[in-house]
> 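Sharing a structure below in structure tokens format, with a few things to ask.
Below, chains carry the letters A, B, ... as their sequence lines are ordered, and counting in each starts from 1.
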Amino acid sequence: MINLTFPDGAERSFAEGTTGFDIAKGISPSLAKRTVAMALDGVTTDLADPIERDARIEFVTRDDPRALELIRHDCAHVLAEAVQELFPGTQVTIGPVIENGFYYDFARNEPFTPEDLPKIEAKMREIIARDKPFTKDIWSRDKAKEVFREKGEAYKVELVDAIPEGQSLKIYHQGDWFDLCRGPHMTSTGKIGNAFKLMKVAGAYWRGDSNNAMLTRIYGTAWRNQEDLDHYLHQLEEAEKRDHRRLGREMDLFHFQEEGPGVVFWHPKGWSLFQSLIAYMRRRLAADYAEVNAPQVLDKSLWETSGHWGWYKENMFKVQSAGDETEDERVFALKPMNCPGHVQIFKHGLKSYRDLPMRLAEFGAVHRYEPSGALHGLMRVRGFTQDDAHIFCTEEQMAEECLKINDLILSTYADFGFEEIVVKLSTRPEKRVGSDEVWDHAEAVMSRVLEEIAARSGGRIKTDILPGEGAFYGPKFEYTLRDAIGREWQCGTTQVDFNLPERFGAFYVDADGTKKPPVMIHRAICGSMERFTGILIEHFAGHFPLWLAPSQVVVATITSDADAYAEDVVATLKAAGLRAEKDLRNEKITYKVREHSLAKVPVLLVVGRKEAAERTVSIRRLGSPNQTSMTLDEALADLLREARPPDLSR
RNA sequence: GCCGGUUUAGCUCAGCUGGUAGAGCACCUGAUUUGUAAUCAGGGGGUCGGGGGUUCGAAUCCCUCAACCGGCACCA
């Protein structure tokens, strides 16, 4: 006998091997009908599984949040069956549940096209309507391999081989179709319902390895009901509206063109935004850092010394004279990183331990030859500006410096409204330089710092460890922030480096007169300023806070009678340091309101005969249909207060 | 880099099975002097992504290159 505890606390005994379905039916036939799976001690399993031990039991109905994952997983199976029914000879591989849906990877000589999706979707609905029960078999390894080999499913054979000895091979059937799968599944295909949609086809490498064959992946989304599906699709539309590439065009911030793949043409408004960010960062650095500027183009030999020519060459732009090359055959490279340049600055002249920590910052423009398929608007470019800094310090100062950087990073993010931050510690990778003792020490220090970071935040900052993800020269912290619509972006980074200073023979003279290589800490807060600008565009959906808005105020006239006054207002605002423009065009005020609202200008000052006579303005703020009237002086004071950057308002 | 898709006016897009381009918005001109999300009328604008080919004839079919989009891989 086994004892099962029910959600209400009741405990009952059953014969060993009783299935979840039997128990549900025993309670009520309607419960059995509604139940799609069960959870034993919190682990979701097939309802038809015999229960062999004491456990807490819960019945998972289709409305249960836990059913969603099952719906998606079942949907993936149905997708695979539909594809094999419509396209015989297609091999199945894997089909997991992902955020918001699922996918399935297929191997087929001719890849699927978007036009195939409606057909496949229709077939899926047909299979769901058949409502065949999901049933499970346990097969021996040999049988599984034999059956799949006979079916021509080479990838499944490979998957069977990869499953560790002693682990059972579960085969799930739905009608005549079956698949190797770890499960669990619902009771029948009919439970999936109709709230799903195939979204896109894409290429994907077998097992995520670019050396392997390219498979065709079909992505789908699935939900418990039509409302949830509609809501999700609506969310996608909303996300598209705030896409920085779209807003960049609509708000006239920047553009790209064919001749410059991955490099940005910043327009006046976009550059204003970019410069507001730089100005902000500069103010934040003023207290502790010295700003420098290292050359764009440096001899190959320097990159050989730094090691970049060895392990980063594929990503570097080589530069040579375009004229008479016999005159100067030297090979140069456009800098992909600022660190070697900063080491040269550190090296110049003798440094004492008294000079440490030495913090060199640069808004360094770097160029990296990113793979063509990786380029994506401002988010992934080939030429960008890092808010970079390198801190040269002693080993003893390392922890303190990391914490200082942490404070700077977190307060910066907070100023932009990013409060949900995860700090991840990446530890030693397989391929690395330096002795294990050095790594042991560095990782120990970093772990302590990570704990301190979590403690200081009072638990607000989440931390994580990524084993093996560190840079080859040292462990690193990665700062991930979450934007207004829940997406995560890795921006800041702090990396300790025991390697580069030595490669360049950089040292400082210690108190005892000996020469020692400094520890170098690489650190960025925004990371790429271009990318960070892109993140802000999407985070704010173009509705920037006043201090960042490229065009803060537009003064619009109602009739030409107010022109002179409007000019006066704009001059006053500009003199006070606001970014103000005038709109004296011979258009109706409704037209102007609409236009500037679409351009996402935060503040619109409307002036007519009345305002001109009284020296007032009518203020209309973006997103609000209301207006308030006040004197120009009052409005100016309000706007100035509001336009003050957060670091200057503290 | 790999797989698939896309590329027509400044923007969004139409253009069927080949007969050498069209809409809306934007722009320009004129009229209108207007009170908080589109005033009316007229006009200009495209070597249909580049190159090559098939054809009497190509935006349309084929090849090729490029950029972009969606994924994958990459992301020091």
> Can you tell me, in whole Å, how much space there is between the P of B/rA58 and that of B/rG53?
12 Å
> Rounding to an integer number of Å, can you tell me how far A/Phe532 CZ sits from B/rC75 C1'?
18 Å
> Each nucleotide N or O in nucleotides 2-6 of chain B that has a protein N or O under 3.5 Å away: list the pair and distance.
residue, atom, partner, partner atom, Å
B/rC2, O4', A/Tyr205, OH, 3.3
B/rC3, O2, A/Gly203, N, 3.2

> Evaluate the criterion side chain to side chain donor-acceptor pair (under 3.5 Å) for residue pair A/Tyr479 and A/Asn406; output intermediate values, then yes/no.
CA-CA 9 Å; A/Tyr479 287 77; A/Asn406 177 69; 2.8 Å; yes
> Under the ring-ring contact (aromatic ring centres under 6.0 Å, His included) rule, collect the residues that match up with A/Phe346, sequence neighbours excluded.
A/Phe392
> Check if the side chain of A/Arg380 and the base of B/rC74 share a donor-acceptor pair of N or O atoms closer than 3.5 Å.
yes
> Show me the protein contacts with nucleotides 45-51 of chain B, counting only N or O atoms at under 3.5 Å.
none

> Measure from the side chain of A/Pro371, starting at C-beta and using heavy atoms only, and say which of B/rC69, B/rG35, B/rG1 lies closest.
B/rG1
> Pull out every protein N or O sitting under 3.5 Å from an N or O of nucleotides 12-17 of chain B, one pair per line with the distance.
residue, atom, partner, partner atom, Å
B/rU12, OP1, A/Arg249, NH2, 3.3

> First locate atom CG of A/Asp483, then atom CD of A/Glu488, and finally report the distance between them rounded to the nearest 0.5 Å.
9.5 Å
> Please measure how far the P atom in B/rA41 lies from the corresponding atom in B/rC48, and state the result in whole Å.
32 Å
> Ring centroid separation for A/Phe112 and A/Phe87, is it under 6.0 angstrom?
yes
> By the salt bridge (charged side-chain N to carboxylate O under 4.0 Å, His left out) test, which pairs, at least two apart or in different chains, include something from residues 552-566 of chain A?
A/Asp561-A/Arg609
> Has the side chain of A/Thr557 got a donor or acceptor that lies under 3.5 Å from a partner of the other kind on the base of B/rU33?
no
> Which base, if any, makes a Watson-Crick or G-U wobble pair with B/rC75, both distances under 3.5 Å?
none
> Any chance the rings of A/Phe102 and A/Tyr104 have centres within less than 6.0 Å?
no
> Got a salt bridge between A/Glu538 and A/Arg487, using NZ or NE/NH1/NH2 to carboxylate O under 4.0 Å?
yes
> Using purine N1 to pyrimidine N3 plus N6-O4 or O6-N4 for Watson-Crick, or N1-O2 and O6-N3 for G-U wobble, each under 3.5 Å, what pairs with B/rG42?
B/rC28
> Which residues in residues 333-347 of chain A have a heavy atom closer than 4.0 Å to any atom of RNA chain B?
A/Met337
> Measuring from A/His596:NE2 to A/Tyr591:OH, what's the distance to the nearest 0.5 Å?
9.5 Å
> Take atom P in B/rU60 and the same atom in B/rG24, then report the distance between them in whole Å.
26 Å
> Indicate, yes or no, whether a donor-acceptor pair under 3.5 Å links the base of B/rU33 to the side chain of A/Ser560.
yes
> Using atom C1' in both nucleotides, what's the gap between B/rU36 and B/rU29 to the nearest angstrom?
28 Å
> Which nucleotide sits closest to the side chain of A/Tyr591: B/rU39, B/rA37, B/rG35?
B/rU39
> Ignoring hydrogens and angles, answer whether the base of B/rA73 and the side-chain atoms of A/Arg207 contain a donor-acceptor pair closer than 3.5 Å.
no
> Please identify which of these residues, A/Phe544, A/Phe418, A/Trp489, meets the ring-ring contact (aromatic ring centres under 6.0 Å, His included) condition with A/His539.
A/Phe418
> Identify the nucleotide, in any strand shown, that forms a Watson-Crick or G-U wobble pair with B/rG4, with both distances under 3.5 Å; if there is none, say none.
B/rC69
> Paired with B/rG19 by Watson-Crick or G-U wobble geometry, both distances under 3.5 Å: which nucleotide is it?
B/rC56
> Tell me whether the NZ or CZ atom of A/Lys431 lies within the 45° cone about the ring axis of A/Phe472 and under 6.0 Å from its centre.
no
